[in-house]
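In this text, all values refer to a predicted model and were calculated from it rather than measured experimentally.
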Amino acid sequence: MTSKTVKSDVLIVGAGVAGCGLAIRLARAGLDTAVIDKDKFPRHKLCGEFVSPECIAELESLGVMESIEAIGGDRIRETVFHSLRGRSVTVPSDYFSNGSQGAIGVSRSGMDHQLIKGASNAGAEIFEEMRASDIELDGSNVKRVIAKDAIGDHIRFESQLFVDATGRSRVLGNLVDRKNEKQRKRQQIGHVAFKAHFRDVVLQKGVCEIYFFEGGYGGLSFVEDGAANHCFLIDAGVVRNNGGDPDLLLKNVIFENRKAKEALISADRTMEWMAVAIPGFGKQRTSGIDNLIAVGDSRAFIDPFTGSGMLMALESGQLLASAVERGGLHHVREIRDLYSSEHSKATRKRLLTCRVMRRLAFSPTLSEAVIASIGSSRTLVERIASLTRPVRSH
Ligand SMILES: Cc1cc2nc3c(=O)[nH]c(=O)nc-3n(C[C@H](O)[C@H](O)[C@H](O)COP(=O)(O)OP(=O)(O)OC[C@H]3O[C@@H](n4cnc5c(N)ncnc54)[C@H](O)[C@@H]3O)c2cc1C
């Protein structure tokens, strides 16, 4: 087993939306930036694959919008929320910033591949199939991250600033907790998410549909090549009662929503189901380490019904890049504190709104009542939609 050392100014662990967005910005600013990811790209990713309209400006500023558009996804004009008993409410994409361009339905496999290429083109050094597996601390700083490559060799990564961009799994934060012997509370698995692509769904192009059902909700929208993404989030108890089988959940639970049944009953699944446990939502714990900063879902996970997780991931990369630019890498603690306060300011209201709305999303009775009461009021729908978003600048 060999062991080599890679040195950089910044090490980003995780080449998802947040990690690559940040890597592009830092590499462009002239910082020696290394990015590692456990996967080989392109790879599928569990996600609703609804790229909200506000992301377009972010992706343009990262220089990857053209290549993402060339993948050929769907331009989504509106999202229709369907209650279990057949009521609906429509949220046009132009209720959001940049909305006249619509949202984009595009696979994460295609989009993340373009982002990682963008990071490489900007000058970041990319290491695929490189899994962060250990961390070495020196007081209140990370000294190095140890990663394992595809053939099992260990590589040491040394940097001034370490970024946890590993998504909800918050890998570096958890490694630090383990080193500090912080007793992690055993997390209950509250929900499970599933995703697959289908052909021959009954759905209009340009429309994303969201279906509420017992214990959860799911979305359907087109991506590229005539395929549609069906992704759903459901109570872990309901999953157990159906033997953990997503096809059974579709038949027994999701098809209780008539619109979901119409759309999917004759469709063909074109890939294996992907599944992931979701222990919780909202802001994640911080590590307390001076030179370790979390971006994207590792920092905060916003509820999927908002279709804005990728937006928040891109925003967090932008906030951290600007804190690095202002603070300079020699002042990592200042960067961490500046980023932390800017991130809280930018996301607090959204995360709070989602905390309140979450109960509605998982209860068919409550979602029914809300859809019935707001369905015909454009002002109310627009107001509620905007509460899940950054403050709009005109
Ligand atoms: C059911 C569901 C539906 C969703 N639908 C939408 C939607 O329609 N629109 C939307 O905007 N958002 C949606 N989201 C949220 C969105 O997927 C996330 O907010 C977004 O992917 C966060 O990006 P990220 O870069 O922080 O993390 P991720 O995209 O999760 O990327 C993390 C990266 O870290 C890598 N990694 C993990 N562990 C290691 C390790 N040990 N070593 C090295 N690399 C590692 C992974 O391979 C991965 O590439 C949804 C989420 C769920 C659960």
Side-chain angles (χ1 to χ4, degrees), residues 38 43-50 81-86 108 166-171 174 177 183-198 201 209-221 228-265 267-285 297-298 300-307 309 354-371:
K38 64 179 174 46
R43 49 92 176 100
H44 281 294
K45 170 104 199 134
L46 194 149
C47 180
E49 301 182 324
F50 172 95
F81 292 80
H82 293 282
S83 77
L84 187 58
R85 294 209 200 97
R108 286 292 297 274
T166 54
R168 289 179 309 280
S169 51
R170 191 185 163 266
V171 170
N174 285 335
D177 289 351
Q183 205 54 35
R184 274 202 295 150
K185 265 195 269 163
R186 245 184 105 76
Q187 283 181 301
Q188 292 267 345
I189 303 303
H191 297 92
V192 184
F194 295 91
K195 163 205 161 164
H197 284 175
F198 289 80
V201 300
E209 291 192 333
I210 305 285
Y211 314 112
F212 293 99
F213 43 78
E214 194 59 50
Y217 59 91
L220 182 70
S221 50
N229 169 313
H230 180 45
C231 183
F232 62 94
L233 189 56
I234 187 163
D235 182 87
V238 180
V239 176
R240 276 193 295 277
N241 293 342
N242 286 273
D245 179 347
D247 286 319
L248 269 188
L249 286 165
L250 202 60
K251 205 168 119 218
N252 296 343
V253 184
I254 299 176
F255 284 179
E256 288 295 308
N257 184 311
R258 189 176 51 80
K259 285 301 287 186
K261 188 173 181 179
E262 272 172 28
L264 282 155
I265 187 128
D268 283 327
R269 185 158 51 77
T270 58
M271 62 180 273
E272 291 297 316
W273 285 104
M274 299 181 82
V276 69
I278 310 282
F281 304 88
K283 199 169 162 208
Q284 301 250 34
R285 292 188 308 287
D297 284 0
S298 292
F301 175 49
I302 193 160
D303 297 64
F305 63 78
T306 65
C354 288
R355 218 160 97 187
V356 176
M357 288 170 77
R358 192 170 305 140
R359 287 197 52 217
L360 314 179
F362 289 109
S363 156
T365 318
L366 289 176
S367 56
E368 189 80 43
V370 170
I371 289 177

request  = Identify the heavy atoms of C47 and R108 that sit nearest to each other, and give their distance.
outcome  = SG-NH1, 3.5 Å
inquiry  = Please check this pair: side chain of R170 against backbone of R285, looking for a donor-acceptor N/O pair closer than 3.5 Å.
reply    = yes
From CZ (F305) to CE (M357), nearest 0.5 Å = 4.5 Å
ask   = Which heavy atom of L220 sits nearest a heavy atom of A263, and at what distance?
value = CD2-CB, 3.6 Å
remark   = Between F198 and the options D268, L264, T270, N229, the side chain to side chain contact (heavy atoms under 4.5 Å, CB included) test singles out L264
key: Contacts of type side-chain contact (heavy atoms from CB on, under 4.5 Å), residue D297, not counting sequence neighbours   = R168, F301
query = What is the minimum heavy-atom distance between G167 and S298, and which atoms define it?
reply = O-OG, 2.7 Å
query = Of the non-hydrogen atoms in G216 and F362, which two are nearest, and what is the gap between them?
reply = CA-CD2, 3.7 Å
message = Under the rule for side-chain contact (heavy atoms from CB on, under 4.5 Å), what residues qualify as partners of R240, not counting sequence neighbours?
response = A236
task = Might you confirm whether atom CZ of R43 has over 12 heavy atoms from other residues, nucleotides or ligands at distances under 6.0 Å?
result = yes
request  = Taking atom CZ of R269 as the centre, report whether more than 12 heavy atoms of other residues, nucleotides or ligands fall under 6.0 Å from it.
outcome  = yes
key: Euclidean distance, L250 CG relative to K261 NZ, rounded to 0.5 Å   = 11.0 Å
remark   = Sorted by chain and number, sequence neighbours left out, side-chain contact (heavy atoms from CB on, under 4.5 Å) with K259 holds for H82, E209, Y211, N257, E262
key: Contacts of type ring pair (Phe, Tyr, Trp, His ring centres under 6.0 Å), residue H44, not counting sequence neighbours   = H197
note = For residues 231-262, the ring-ring contact (aromatic ring centres under 6.0 Å, His included) pairs (sequence neighbours left out) are F194-F232, H230-F232, F232-W273
inquiry  = So, applying side chain to side chain contact (heavy atoms under 4.5 Å, CB included) with N252, which one of N241, D245, N242 is it?
reply    = N242
Point-to-point distance, once rounded to the nearest 0.5 Å, from OH of Y217 to OG of S363 = 13.5 Å
ask   = F212 versus E368: any side-chain heavy-atom pair under 4.5 Å?
value = no
message = Keeping D235 on the side-chain end and G237 on the backbone end, is there a donor-acceptor pair under 3.5 Å?
response = yes
Nearest heavy atoms of S221 and G48, plus distance in Å = OG-O, 4.0 Å
ask   = Is a side-chain N or O of N174 found less than 3.5 angstrom from the main chain of S169, in a donor-acceptor match?
value = yes
query = What pair of heavy atoms forms the shortest contact from I234 to V238, and how long is it?
reply = CD1-CG1, 3.7 Å
inquiry  = Quick check for you: to the nearest 0.5 Å, what is the distance between I210 atom CD1 and F81 atom CZ?
reply    = 5.0 Å
query = Just wondering, are more than 12 heavy atoms of other shown residues or ligands nearer than 6.0 Å to CZ in R258?
reply = no
request  = Check for a donor-acceptor pair, side chain of S83 on one end and backbone N or O of S367 on the other, with a separation under 3.5 Å.
outcome  = no
Separation of E214 CD from T365 OG1 (nearest 0.5 Å) = 7.5 Å
inquiry  = Going by the rule side-chain contact (heavy atoms from CB on, under 4.5 Å), which residues pair with A193 if we only count those two or more places apart in sequence or in a different chain?
reply    = L46, L233, V276, I278
